[in-house]
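In what follows, a structure is listed as structure tokens, so that the remarks can point back to it.
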Amino acid sequence: QAQLVESGGGLVQAGGSLRLSCAASGRTFSRYGMAWFRQAPGKERESVAAINWNGVRTYYADSVKGRFTISRDNAKNTMYLQMNSVKPEDTAVYYCASATDGSLWSTVGAMDYWGKGTLVTVSS
């Protein structure tokens with residue numbers, strides 16, 4: 001049974017930076033694509049960024065392109081999301097998720113394991 005645990009959320013001022021981490025266990029982490037999603041109050045969960053099994057391929061939502069960077073360290077079973085130049089509209093609970101195979105997947109339906117989320121609040 002895979003387990004994903006997010007960390008690194010908190011309160012940050014607009015224009016600042018934050019790095020989220022996702023620690024994975026209970027699965028051969030390096031075999032699977034991973035992704036970050038977020039959900040703001042009253043809104044649907046949306047894809048933020050995704051990465052394939054070896055980190056060669058990545059995907060970013062238009063809203064974060066050029067500001068966020070997804071990466072992974074398979075030796076540490078950890079995925080990261082570097083968030084720069086954050087905006088108030090980035091405020092949400094951020095979730096990491098593991099895909100059903102090693103490809104680049106960015107949709108909710110392609111994920112089979114989820115973390116419980118970490119709250120990011122950006123003040124203006």
Can you measure from [atom1] ([X]) to [atom2] ([Y]) and round to the nearest 0.5 angstrom?
{"X": "Gln3", "Y": "Arg27", "atom1": "CD", "atom2": "CZ", "value": "13.0 Å"}
{"X": "Leu104", "Y": "Ile51", "atom1": "CG", "atom2": "CD1", "value": "8.5 Å"}
{"X": "Phe37", "Y": "Thr107", "atom1": "CZ", "atom2": "OG1", "value": "6.5 Å"}

Enumerate donor-acceptor pairs with a distance under 3.5 Å from any side-chain N or O in residues 117-124 to protein atoms, sequence neighbours excluded.
from   : atom 1 : to   : atom 2 : distance (Å)
Thr118 : OG1    : Gly9 : N      : 3.2

- Task: Look at the aromatic rings of Tyr95 and Trp114 and report parallel, tilted or perpendicular, splitting at 30° and 60°.
- Result: perpendicular

- Indicate yes or no: does Glu6 engage Lys116 in a salt bridge with an N to O separation below 4.0 Å. no

- Message: Main chain of Asn52, side chain of Arg72: is a donor-acceptor contact present, judged purely on distance under 3.5 Å?
- Response: yes

- Counting distance only, does the side-chain N/O of Ser106 pair as donor-acceptor with the main-chain N or O of Ser47 below 3.5 Å? no

Indicate the atoms forming the closest heavy-atom contact of [X] with [Y], along with that distance.
{"X": "Thr78", "Y": "Phe29", "answer": "N-CE2, 3.7 Å"}
{"X": "Ala50", "Y": "Trp105", "answer": "CB-O, 3.1 Å"}
{"X": "Gln13", "Y": "Val86", "answer": "O-CG2, 3.5 Å"}

- Neighbour count >12 (heavy atoms, 6.0 Å) for atom CD, Gln39: yes

- Query: If you draw a 6.0 Å radius around NZ in Lys43, do more than 12 non-hydrogen atoms from other residues or ligands fall strictly inside?
  - Reply: no

- Query: Yes or no on salt bridge (charged side-chain N to carboxylate O under 4.0 Å, His left out) for Lys65 and Asp62, after CA distance, side-chain angles and deciding distance?
  - Reply: CA-CA 5 Å; Lys65 203 171 292 183; Asp62 287 343; 3.1 Å; yes

